[in-house]
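Letters A, B, ... are given to chains in the order of the sequence lines, protein chains preceding strands, and every chain is numbered from 1.
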Amino acid sequence: MYTEKVMDHFTNPRNVGEIPDADGVGEVGNPKCGDIMRIYLDIEGDTIKDVKFKTFGCGAAVATSSMVTEMVKGKTITEALDISNAAVAEALGGLPPNKLHCSNLAADALHAAIKDYYDKQEKAKG
Amino acid sequence: MRRVYLDHSATTPVDPEVASLMMTYYTEKYGNPSSIHSFGQEAREALEKAREQVAGFIGAQPAEITFTSGGTEADNLAILGAAEAYKDKGKHLITTAVEHHAILETFEFLAKNGYELTVLPVDEEGLLSVDGVQRAIRPDTILLSVMHANNEVGAIQPVAEIGRLAREKGVIFHVDAVQSLGKIPVNVNDLNVDMLTVSSHKIYGPKGVGALYVRKGIRLVPRVYGGGQEKKRRSGTENTPGIIGFGKACELAQARMADEAAKLTGLRDRLMDGILERIDFVKVNGPRGAKRLPNNVNVSVQYVEGESLLLSLDMVGIAASSGSACTSGSLDPSHVLLAMGMPHEIAHGSLRFSLGRQNTEEDVDYVLEQLPKIVERLRRMSPLFDQMQREAGAK
Amino acid sequence: MRRVYLDHSATTPVDPEVASLMMTYYTEKYGNPSSIHSFGQEAREALEKAREQVAGFIGAQPAEITFTSGGTEADNLAILGAAEAYKDKGKHLITTAVEHHAILETFEFLAKNGYELTVLPVDEEGLLSVDGVQRAIRPDTILLSVMHANNEVGAIQPVAEIGRLAREKGVIFHVDAVQSLGKIPVNVNDLNVDMLTVSSHKIYGPKGVGALYVRKGIRLVPRVYGGGQEKKRRSGTENTPGIIGFGKACELAQARMADEAAKLTGLRDRLMDGILERIDFVKVNGPRGAKRLPNNVNVSVQYVEGESLLLSLDMVGIAASSGSACTSGSLDPSHVLLAMGMPHEIAHGSLRFSLGRQNTEEDVDYVLEQLPKIVERLRRMSPLFDQMQREAGAK
Ligand SMILES: Cc1ncc(COP(=O)(O)O)c(C=O)c1O
Ligand SMILES: Cc1ncc(COP(=O)(O)O)c(C=O)c1O
Ligand code: FES
Ligand code: FES
């Protein structure tokens with residue numbers, strides 16, 4: 001059902017956890033099946049220094065979370081914003097058709113965390 | 001790696017004795033039972049013996065058994081065949097919210113095609129109320145279908161009482177006994193049923209074979225047309241090796257049922273109690289004790305998701321199933337758990353272990369050793385568990 | 001006693017290689033292909049491999065294959081499913097007088113339920129005229145079904161030409177290829193078909209398994225409701241061991257077909273010519289040469305009755321079949337022979353030998369040794385033969 005890559009990320013998820021006082025936190029729920037994903041970002045200048053996630057969801061949801069954190073670590077915010085749902089699925093060697101929506105969770109949570117970072121910046125500026 | 005199969009409600013291995021009997025009919029006694037030569041006649045005899053074995057197991061007459069390609073087809077034949085045959089008497093149908101899809105989807109099809117359907121609710125244990133059935137029956141009700149035991153939570157319905165009621169009111173009563181057969185007594189007379197569905201691959205027989213019991217006198221419009229096999233009720237060259245395997249599986253199940261049920265009940269309770277003891281925030285789904293199938297364990301593990309549990313269990317060799325939205329193609333959680341009033345989040349973390357003939361105490365203990373570690377790992381990953389603990393801490 | 005099976009058009013033995021593969025899936029890899037654990041996944045993979053094998057054998061895409069419980073169910077699904085799906089486009093249906101009952105009875109059912117049916121005649125060899133098909137097609141014709149090769153007389157229809165015509169006219173074209181598969185090339189593209197029925201137990205696979213090819217884009221309303229297996233076209237737990245056996249049988253047939261067809265053609269002609277040589281008043285039914293299936297021999301032995309012939313042959317170990325009224329439950333002689341314009345008396349004495357993979361020249365010679373004696377014995381008993389001889393003598 002799942003590719004080896006998916007199973008690898010599911011079994012040994014990278015970057016599980018949370019970042020206390022993260023610069024940006026994004027949480028999204030999957031309206032299709034009711035799953036939840038939260039992503040924490042540690043940002044320095046323009047660069048994502050650290051990233052962690054927590055996910056309540058299926059194998060694909062866990063694997064896409066793990067994958068997306070691996071993909072953005074060390075990247076600039078602009079690069080991170082370019083990561084699409086399809087790119088995450090592709091990086092995992094593909095997902096079963098009825099699980100494609102799960103990859104939305106990962107990219108959406110990432111983008112939500114970046115938005116949260118910008119919102120906090122705005123607020124700090126006053 | 002140890003492999004522990006705990007998904008016997010999904011399907012069972014074929015008993016070796018059954019399989020080797022089937023082999024003979026695949027490769028040596030392969031005649032078409034409609035042929036008049038000896039190849040055909042030896043197949044015909046074995047087929048009719050199988051009919052006796054299946055009939056004998058459920059207290060029916062052989063002539064009342066129609067073989068089909070499985071439980072699903074038998075359910076379809078019962079519902080669609082009777083609805084069509086009796087449509088002049090009325091167009092009201094009754095079933096329950098916790099039936100298998102083979103029943104529910106079939107009724108839904110009729111509801112979209114000129115019939116009126118009442119779907120009865122169940123209580124939080126998944127059980128039906130006989131009173132509720134009584135109130136639902138109308139003068140134009142022609143057909144009532146209630147499953148004997150539920151495939152997900154193992155709830156055993158008060159089928160005999162409901163059957164008495166149906167008979168009083170002149171309503172045809174169909175029972176899906178796919179999950180109960182071989183685990184608890186199934187007798188068409190004791191249960192007061194008019195039609196009853198059974199399936200071979202749930203009782204250590206081959207897949208692709210089932211049967212519909214139809215009480216003498218009940219009319220059915222067939223669903224498959226052709227050579228007129230099975231007394232015109234179900235055309236198509238008979239799957240003789242499969243049917244013979246099913247017959248043998250019934251014979252074996254009949255001989256072993258009492259012992260097996262006792263053993264399975266012990267394993268069931270050991271597993272259920274063990275899980276409750278070792279893992280926090282776990283809820284048992286379905287009734288406990290005698291109203292539950294001897295081989296069914298169903299629990300909701302809060303704050304984790306079912307498919308992730310299944311995958312993690314599979315990685316240590318344990319095969320189970322889940323009513324989680326993510327494991328079902330449809331992305332809705334189990335309609336059975338929802339009908340029992342369970343919130344989506346909790347249905348999401350449901351886990352079913354269904355025990356079988358080969359399972360041992362060691363199998364159960366292996367699950368009890370592995371499951372807590374898996375739940376812990378997944379909970380560490382879960383934003384919901386976090387949140388719950390923080391909220392608990394804040395209090 | 002020597003046992004010679006010559007009824008391969010009724011059913012075939014399962015190839016030992018197929019049977020032993022199936023065993024593995026009955027007793028070891030028994031998972032339900034819908035389950036996400038490894039038991040389920042290994043079954044799923046094998047099931048999808050079988051789909052590729054079946055598709056590959058008929059030049060289709062795997063996604064265009066729907067597995068069913070046999071040829072009869074596939075025929076029903078094709079006809080009833082398409083008639084329902086396209087009823088808004090028209091209600092005229094066309095088939096032929098020599099189809100299998102799985103087709104004819106299904107169309108008859110529709111003809112009684114609001115559809116209009118044209119049944120095309122055949123010539124004295126059992127062959128259809130393409131012109132006749134052309135004339136029958138109307139603007140409201142939605143579906144045309146023609147068998148590839150006839151199960152009784154082996155007549156091979158001009159299916160490719162008819163398919164071209166159907167496509168031109170926008171009529172859905174279904175072909176029953178149950179008898180042709182494995183004997184002559186069957187390719188859904190070469191034959192220009194939209195739907196095509198195949199059955200496993202006619203090609204050394206297990207009984208109770210078949211498939212319907214449905215060209216991408218063609219709509220079908222399902223006939224069985226439930227868990228939504230087979231892309232919602234055919235619900236019910238998949239008969240994985242059976243399907244896997246069917247896949248393997250296709251693979252074997254594909255590899256062996258050319259050689260086997262040559263061998264069978266030789267045996268066929270040896271048997272047919274031998275009978276004509278050794279017995280008087282015998283008539284070959286169906287075409288000779290390339291328009292006949294390589295494995296079919298069908299003769300009418302005048303002045304004797306088919307069932308008596310079959311019983312006598314069976315007593316010396318030879319299994320054959322007959323289109324006699326007495327062998328059919330219905331007491332009407334074969335509708336195929338009648339459609340070919342054969343008088344009742346002659347249809348009565350018809351005899352079909354259908355050759356198979358295991359048959360040898362010795363088998364054929366054994367029949368040629370036994371049959372004349374049997375015919376002689378029965379004719380000595382026959383008042384018709386008497387009469388004929390008296391009348392001949394009188395002349
Ligand atoms: C209660 C119930 N009814 C019907 C079925 C369908 O039977 P089958 O799998 O033989 O199609 C099943 C099993 O899948 C079942 O559990
Ligand atoms: C031409 C033809 N169509 C359909 C069928 C029915 O197939 P099955 O026996 O698999 O139901 C048969 C054989 O019985 C046949 O010969
Ligand atoms: S997150 Fe539920 S299906 Fe993937
Ligand atoms: S003579 Fe008995 S059935 Fe024909």
Side-chain angles (χ1 to χ4, degrees), chain B residues 3 5 7 10-14 16 19 22-23 26-28 30-32 34-40 69-73 75-76 100-102 105-106 108-109 199 201 206-209 223-228 235-242 307 310-311 313-314 318-321 327 329, chain C residues 3 5 7 10-14 16 19 22-23 26-28 30-32 34-40 69-73 75-76 100-102 105-106 108-109 199 201 206-209 223-228 235-242 307 310-311 313-314 318-321 327 329:
Chain B
R3 279 184 104 188
Y5 187 75
D7 202 10
T11 195
T12 60
V14 173
M22 288 174 67
M23 269 294 111
Y26 278 131
T27 58
E28 291 166 37
Y30 49 79
N32 185 321
S34 299
S35 301
I36 71 165
H37 47 64
S38 58
F39 290 85
S69 69
T72 298
E73 192 194 334
D75 279 343
N76 273 254
H100 190 267
H101 286 299
E105 296 284 318
T106 305
E108 293 295 343
F109 169 79
S199 175
H201 74 102
K207 290 177 181 59
V209 190
R223 295 285 300 164
V224 185
Y225 299 93
S235 287
T237 301
E238 298 90 337
N239 176 1
T240 18
E307 193 200 278
L310 291 189
L311 290 175
L313 285 166
D314 189 44
I318 300 168
S321 86
T327 50
Chain C
R3 279 184 104 189
Y5 187 75
D7 202 9
T11 195
T12 59
V14 173
M22 289 175 66
M23 268 293 113
Y26 278 131
T27 57
E28 291 165 38
Y30 50 79
N32 185 320
S34 299
S35 301
I36 71 165
H37 46 63
S38 58
F39 290 87
S69 69
T72 298
E73 191 194 334
D75 279 343
N76 273 254
H100 189 268
H101 286 298
E105 296 284 319
T106 306
E108 294 295 345
F109 169 79
S199 177
H201 75 101
K207 293 177 179 60
V209 189
R223 295 286 300 165
V224 186
Y225 299 93
S235 287
T237 300
E238 299 91 338
N239 176 0
T240 19
E307 194 197 276
L310 291 191
L311 290 175
L313 284 166
D314 190 44
I318 299 168
S321 87
T327 53

Among [options], single out the residue with the greatest number of heavy-atom pairs under 4.5 Å to chain B.
options                       : result
C:P241, C:A319, C:G31, C:S199 : C:A319
C:G70, C:A19, C:S34, C:G40    : C:A19
C:V224, C:T12, C:V209         : C:V224
C:G242, C:S69, C:S321         : C:S69

Check the angle between the aromatic planes of B:Y26 and C:Y26 and answer parallel, tilted or perpendicular using the 30° and 60° thresholds. parallel
Indicate yes or no: at least one non-hydrogen side-chain atom of B:N76 is less than 4.5 angstrom from one of C:Y225. yes
Can you tell if the side chain of B:I36 reaches within under 4.5 Å of the side chain of C:D314, non-hydrogen atoms only? no
Could you grab the distance from atom NE2 of C:H37 to atom CG of B:L313, nearest 0.5 Å is fine? 10.5 Å
Between the OG atom in C:S235 and the NE2 atom in B:H101, the distance rounded to the nearest 0.5 Å is 9.5 Å
Minimum heavy-atom separation for [X] to [Y], with atom names?
X      : Y      : result
B:E238 : C:K207 : O-CD, 3.4 Å
B:R3   : C:S38  : NH2-OG, 3.2 Å
C:G236 : B:T72  : CA-OG1, 3.3 Å
C:G208 : B:N239 : CA-CB, 3.9 Å

One option among B:M23, B:E73, B:M22 has the most heavy-atom pairs under 4.5 Å with chain C, and it is B:M23
Quick check on the interface: out of B:L310, B:V14, B:D75, who has the most heavy-atom pairs with chain C under 4.5 Å? B:V14
Please look at C:P206 and chain B and tell me whether the side chain, the backbone, both or neither of the residue comes under 4.5 angstrom of a heavy atom of that chain. both
